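Notes follow the structure.
Everything numeric here is computed off the predicted structure, so don't read it as measured data. The sequence lines fix the lettering, A, B, ..., with proteins before strands; numbering per chain opens at 1.
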Number of protein chains: 2
Amino acid sequence: MSHAQNIGAASIVRDGSHEADAKSPLVRKLENLVRLSREDRAALDQLSAGARLIEPHTDLMRVGERPADAVVVLDGFACRYKHRVTGERQILALLLPGDVCDVDAPHLGRMDHAVGTLSACLVARISRDALAAIVARHPTVARALRLAKLAEEATAREWLINLGARSATERMAHLFCELLTRLEAVGLARENGCKLPITQLDLADTLGLSSVHVNRTLQELRRKGLIELRGRSLKLRDLPDVRALAEFNPPYLRPAH
Amino acid sequence: MSHAQNIGAASIVRDGSHEADAKSPLVRKLENLVRLSREDRAALDQLSAGARLIEPHTDLMRVGERPADAVVVLDGFACRYKHRVTGERQILALLLPGDVCDVDAPHLGRMDHAVGTLSACLVARISRDALAAIVARHPTVARALRLAKLAEEATAREWLINLGARSATERMAHLFCELLTRLEAVGLARENGCKLPITQLDLADTLGLSSVHVNRTLQELRRKGLIELRGRSLKLRDLPDVRALAEFNPPYLRPAH
DNA sequence: CGAAAAGTTGAACTGAATCAATGCCGGTGG
DNA sequence: CCACCGGCATTGATTCAGTTCAACTTTTCG
């Protein structure tokens, strides 16, 4: 049910020096929310410098810890999660490429939940000072981060509806719609398909279902011709129908209107 | 299942002139998070001026609306909620006396959910300008509002765990612990008891259960001697046991540590 | 190639939903 | 003051979505 989470096994992978690369997911994400200047983008790319490759199932922040710095995911899937004393794990949010975790770390006391990778991830840590500096010097970036946070809150509300009011199939359909939309926003989806580098057990702990039922629900969605999921890649074969089933309404992910 | 929500039927009840009153729940709540000066308190009491009494089941903000101002609940229970197209309602958060709703209204586009009263409520609206002014002139209040927001987010995470991972009894026990703790913080609880001015149907839509099952779960908690609930008042007869059952850990409501 | 992790399947079980009827209580009007 | 009405609470019977347990297969990866 739960994995022992280990810290470590990281190696420096990206030092911000290959500016010739495609845009970073962080820049892409924020550009959906505001118009960034060249300087804004450069500053953001600075933040992504020194990213490290982290093993799957590794904690980035532990319960009870005082978060010293924020974290950006540049590749892979991570999550916020919490274990019950009985052992069950509930995943509280998925962190995808471009997501920044705990911008308001400075105000925070102790973590009431953990943050960890699901797949292997490329992750950059942002010190409190670096964050304060960029927010002070780049008001547009500051605004984008605020908006991103609002989107995160709206997403949490959708998850509450998912867990409180939707059936297994609807939940799963909704999650897939959300993931596709969020990954599209950072250029990591094409033709209604994207990577889904997590196990059915992770999915189960996200959706509040048993892994057995996740398996059966996936089969049902496949049987209906709604999705395709082989290996670690997901495709929504009939986006309109999946959205209808899920009552998925994308605008909540763009809070600024 | 759902109620037609009406707007209106309000009358002015409090104009901020009876300073001799007990502390307002807003001041009480924020004083749990920071140390307020006399001026801070006076400014907050200004905000509560012009509060109005609102009928039960009345919308304060509608889906799709652009929120012009924030809202403070001074008495009664309100909530954030959303309806599915199938009609089910999911309550996303309970707003208790002292709670401020949508401090960041200015950044917001359109509401993705509604806000409405459950019981009759005493509610003050805070204009965008008034809010900006107080935040600018009273940094301590600004900090308190940020911390209150963090507590709200932590609460949302607990609700996710509730809906995703806890049984009906555990969920209900957890909700009651949360309510008691929050109401204690604003001086509206005594001897492990408090008002609970909402119906079993409201409770059902909060907990993601049917109203029939809420009824049976309440009976179970009563039978075990854990709670007492008559009329609209709730008492936790065995707080340690209720907390244990719910795995309730209060500190998440005090984010600053 | 072999072991461990992930996915799949079936059968039995159960927590919670649903359906439907009944009781209760507070307010309203005759 | 009582009769009636509507919303809320309660109860029983039945059904069902999702869980649990356990075995088995497939994939992944060292």
Side-chain angles (χ1 to χ4, degrees), chain A residues 1-6 9 55-58 77 84 86-90 117-120 162-173 195-223 227-234 245, chain B residues 1-6 55-57 77 84 86-90 118-120 162-173 196-223 227-234 245:
Chain A
M1 170 142 304
S2 67
H3 294 271
Q5 300 251 347
N6 57 303
E55 298 277 297
H57 299 287
T58 306
F77 279 32
R84 292 193 51 191
T86 49
E88 299 109 58
R89 172 183 63 160
Q90 177 68 42
T117 59
L118 293 171
S119 70
N162 248 5
L163 295 175
R166 285 197 259 255
S167 71
T169 356
E170 294 165 340
R171 267 180 232 193
M172 191 170 287
K195 279 274 145 64
L196 188 70
I198 64 178
T199 66
Q200 293 185 2
L201 209 146
D202 295 330
L203 229 33
D205 290 347
T206 302
L207 296 172
L209 302 169
S210 70
S211 66
V212 170
H213 200 58
V214 161
N215 186 289
R216 291 184 172 131
T217 305
L218 283 171
Q219 292 178 46
E220 187 188 333
L221 290 175
R222 279 190 277 241
R223 184 160 20 82
I227 69 162
E228 223 170 78
L229 177 57
R230 295 185 326 273
R232 309 263 100 141
S233 88
L234 170 71
L245 173 62
Chain B
M1 170 143 302
S2 67
H3 295 273
Q5 301 251 347
N6 57 305
E55 298 278 297
H57 300 288
F77 279 32
R84 292 193 51 191
T86 49
E88 299 110 59
R89 172 183 63 160
Q90 177 67 44
L118 292 172
S119 69
N162 248 5
L163 295 175
R166 285 197 257 254
S167 71
T169 355
E170 293 165 341
R171 266 180 232 192
M172 190 170 287
L196 188 69
I198 64 179
T199 67
Q200 293 185 4
L201 209 147
D202 295 331
L203 228 34
D205 290 347
T206 303
L207 296 171
L209 302 169
S210 69
S211 66
V212 171
H213 200 58
V214 161
N215 185 288
R216 291 186 172 128
T217 306
L218 283 170
Q219 291 179 48
E220 187 189 332
L221 290 175
R222 279 189 277 241
R223 184 159 21 83
I227 70 162
E228 222 171 76
L229 177 57
R230 294 186 327 273
R232 308 263 101 142
S233 88
L234 169 71
L245 172 62

Out of the candidates B:Leu229, B:Leu218, B:Thr217, only one should pair with B:Gln200 under the side chain to side chain contact (heavy atoms under 4.5 Å, CB included) rule; please name it. B:Leu218
Rounded at 0.5 Å granularity, tell me how far OG in B:Ser167 sits from CG in B:Leu209. 9.0 Å
Measure the distance from [atom1] on [X] to [atom2] on [N] and round it to the nearest whole Å.
{"X": "A:Met172", "N": "D:dG18", "atom1": "CE", "atom2": "P", "value": "10 Å"}
{"X": "A:His213", "N": "C:dG15", "atom1": "NE2", "atom2": "P", "value": "17 Å"}
{"X": "A:Leu221", "N": "C:dG7", "atom1": "CG", "atom2": "P", "value": "15 Å"}
{"X": "A:Leu118", "N": "C:dA5", "atom1": "CG", "atom2": "P", "value": "17 Å"}
{"X": "A:Leu234", "N": "C:dG7", "atom1": "CG", "atom2": "P", "value": "13 Å"}
{"X": "B:His57", "N": "D:dG6", "atom1": "NE2", "atom2": "P", "value": "17 Å"}
{"X": "A:Glu170", "N": "C:dA17", "atom1": "CD", "atom2": "P", "value": "15 Å"}
{"X": "B:Asn162", "N": "C:dA16", "atom1": "CG", "atom2": "P", "value": "12 Å"}

Phosphate-side-chain proximity, [X] and [N], N/O vs OP1/OP2 below 4.0 Å:
{"X": "B:Gln200", "N": "D:dG7", "result": "no"}
{"X": "A:Gln219", "N": "C:dG7", "result": "no"}
{"X": "B:Asn215", "N": "D:dA9", "result": "no"}
{"X": "B:Arg230", "N": "C:dC24", "result": "no"}
{"X": "A:Arg166", "N": "D:dA17", "result": "no"}

Sugar-phosphate, base or nothing in reach of [X], heavy atoms under 4.0 Å:
{"X": "B:Gly231", "value": "nothing"}
{"X": "B:Arg171", "value": "nothing"}
{"X": "A:Ser167", "value": "sugar-phosphate"}
{"X": "B:Arg232", "value": "sugar-phosphate"}

Is the closest side-chain heavy-atom distance between A:Asp202 and A:His57 below 4.5 Å? yes
Is the shortest heavy-atom distance from the side chain of A:Arg222 to the side chain of A:Ile227 under 4.5 Å? yes
For B:Asp205, is there any backbone N or O sitting under 3.5 Å from a side-chain donor or acceptor partner on B:Gln90? yes
Any donor-acceptor pair under 3.5 Å between the side chain of B:Arg216 and the base of D:dG12? yes
